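Quick notes on the structure that follows.
As the structure is a prediction and not an experimental result, all values here were calculated from the model. Note on naming: letters A, B, ... go to the chains in the order of the sequence lines (proteins, then strands), and numbering restarts at 1 for each one.
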Number of protein chains: 2
Amino acid sequence: MSNLTLEDIARQAGVSRSTVSRVLNDHPNVREEVRRRVLEVIRQTGYHPNAAARTLASQRSLMLGLVLPRSVSSFFSDPYFPRLTQGIAQACNHYNYTLALFLVGSAEDEAKIYPRISRRGLLDGVLLQSGQIGDQLMDRLLASNVPLVVIGRPFNPQGVSYVDVDNVNAAYNAVSHLVRLGYLRIGTIAGPDNSTVSIDRKEGYMRALLERGRKIDPSLIVEGDFTEIGGYYAMQALLPARPDAVFAASDAMAIGAMRAIREAGLRIPEDIAVVGFDDLPFAATATPPLTTVRQPIAPLGFKAVEILLDLIENGAQPPRRVIMDTELVVRDSCGALRRRGP
Amino acid sequence: MSNLTLEDIARQAGVSRSTVSRVLNDHPNVREEVRRRVLEVIRQTGYHPNAAARTLASQRSLMLGLVLPRSVSSFFSDPYFPRLTQGIAQACNHYNYTLALFLVGSAEDEAKIYPRISRRGLLDGVLLQSGQIGDQLMDRLLASNVPLVVIGRPFNPQGVSYVDVDNVNAAYNAVSHLVRLGYLRIGTIAGPDNSTVSIDRKEGYMRALLERGRKIDPSLIVEGDFTEIGGYYAMQALLPARPDAVFAASDAMAIGAMRAIREAGLRIPEDIAVVGFDDLPFAATATPPLTTVRQPIAPLGFKAVEILLDLIENGAQPPRRVIMDTELVVRDSCGALRRRGP
DNA sequence: AAATTGATTGGGAGCGCTTCCATAAAGTCC
DNA sequence: GGACTTTATGGAAGCGCTCCCAATCAATTT
């Protein structure tokens, strides 16, 4: 269709290339009549400026990268990531940026992807889902000087801009709620110990218990991997410890836990109460409906983009930090609607 | 870090720009010793070629676009899309392409996104999830002459390359299975009538019944929207027609239907058997485990990329078509394991 | 030994845009 | 009404790469 160039448009509109460029970029100082004439030619010819040429000349690609590291690339088994991606994509649309998606599936992928990310002239900035502790990717990106926003607090946050929710506090509130309802043996299905999310949520769990003078019983703490099936196995491992309530560090794990509880012939919440984390759509329609911590996943992604654009515009110093609020959504699975706390 | 250019590398290695370029692009006819010397300088300096300049000079961006149209942007509520995206991303990694993701969330988004997609010099090709019938996007893309592969048969497939599964046949097999099990009032929760997937699956449903001399009872056909909640409401609408089996056009809807059935105080599969479509991970862990049609979602995405690269390489004529196989996965929800067919 | 071939290398012309600078035209001021 | 701004436009120099073409030189052929 259009192998047209600025030059062609300029000729047809009887102006110079510069003027067409000004029109294209909404620069002031173009006579209204000229602007109209140029726009008309553009419309008629169906001209679209060449992105690569623009990027090369202006040194801005209007493109952001979203990197989902290997450790989380089981990924699309947890609806958290699609939601996040959606929020990010919305923000990109809104601010007229293009989103490049990098799913790191393997070490091999990582080797291939990294040069592409750090290649100059491709991305104006990078969003990185924080992964495992010890993941090299963040350090490499940081070193490459690309504007970078991390989603989820990195283990080593010096100089890094990131967005997150206050996981400690959120978990603290959820578990406190169980304590108030009078449960005595409250367990937790934590995430893998090598991520800050997991650590923070477990921390909140422990703090809620300790503050009420409860002891921490290690047999009531098991580790899952944020997936349904992981929660299922974790719950099976937890059952012998006879918990009367469980705080799962993700909704997916909570659903798995509920399946394990039912299969063991126990009732929710009468025998074991369950609280999750995320408030994904299926939490509300689970049987029974899941009490859970709502975190604003898509808004988190949206905000991350806004911060990234700020970094691109105004430099990365000082690092920006945004902590978003969570909310405990009380439904049936915690027994609050049936039981009275002390 | 690197505002280095080819020129700098050339100077440091004592060769010309051309030679460095040859090394970078694995051209033959570079003396082994020179190649090594150049690579060493590149390694030492941490040089990465500028993507925009490359694209501009070579007229290839090594970037593909994935467009998910508005009609499916409820999107991440159905795990189908994440899976598909994953398959596509894998293929992109494998073939060293970068993936740009375009989630069309609104009419406004579409207006903003379309120019970006058709802007020359950004994408070498486009993957489009087929959306509603009458969606303009495909026609516009087709008209813009970008290499294009559609995922899911488009309503008007002339000249279009696409990948799909044989939905008619897959549905036919699923419903035939229910017929063989002896169910007499087999209903279906179809997808919205404005997409080819829905039409094909409904077609397969009807064909399976008609071929066995059954009548089509319109009250046994209701429409969902491929979501869990849509399936839930559809099932509620279906209950008065007293079906003894239901074929849902997606697993998400099947899950919703099962919830509605349970809430009505009926048992699965004793009172109503359920069959889904997709075989998403949660199908296996549903209660009872869901009998469903497995379609190779990620491989479909992978294949779509391969076809697209073929189009880019060898031209779009003739259009390529790939239909992948499905498989009926028999679990508990259809009652096959308890009941004997005639 | 002259001619031909083939493998290497360098030079230079773009790719299609942005943006700085110079220039021209049109106001503005006392 | 001349000196000075302000506004609008064109020209040209890149942005950093690829790739064609010509040049060089060694190896091979006749």
Backbone N/O of Met63(B) and side chain of Thr98(B): donor-acceptor pair under 3.5 Å =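 No; zero donor-acceptor contacts below 3.5 Å.
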Value in whole Å for how far the P atom of dG14(D) lies from CG of Leu56(B) =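 Between P of dG14(D) and CG of Leu56(B): 17 Å.
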Determine, for Lys303(B) against Glu306(B), whether the closest basic-nitrogen to carboxylate-oxygen distance falls under 4.0 angstrom.
->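 Salt bridge present between Lys303(B) and Glu306(B).
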Taking the six-membered ring of Tyr114(B) as reference, does the NZ or CZ atom of Arg140(B) fall below 6.0 Å from its centre and within a 45° cone about the axis?
->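 Pair Arg140(B)/Tyr114(B) counts as cation-pi.
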Assess Arg321(A) against Tyr162(A): is NZ or CZ under 6.0 Å from the centre of the six-membered ring, and within 45 degrees of the ring's axis?
->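 No; the conditions do not both hold, so Arg321(A) does not lie above the ring face of Tyr162(A).
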Let me have a per-nucleotide readout for nucleotides 17-22 of chain C, 5' to 3', with B, S or -, counting only protein heavy atoms under 4.0 Å.
-> BBBB--
More than 12 heavy atoms from other groups under 6.0 Å of CD on Gln44(A) |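 Counting neighbours around CD of Gln44(A), more than 12 heavy atoms of other residues, nucleotides or ligands fall under 6.0 Å, so yes.
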Could you tell me whether the side chains of Arg54(B) and Asn25(B) share a donor-acceptor contact shorter than 3.5 Å?
->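 Side-chain D/A pair, Arg54(B) to Asn25(B): present.
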Are any of [X]'s side-chain N or O atoms less than 4.0 Å away from OP1 or OP2 of [N]?
| X | N | value |
| --- | --- | --- |
| Gln59(B) | dG16(C) | yes |
| Asn29(B) | dT8(C) | yes |
| Thr19(B) | dG10(C) | yes |

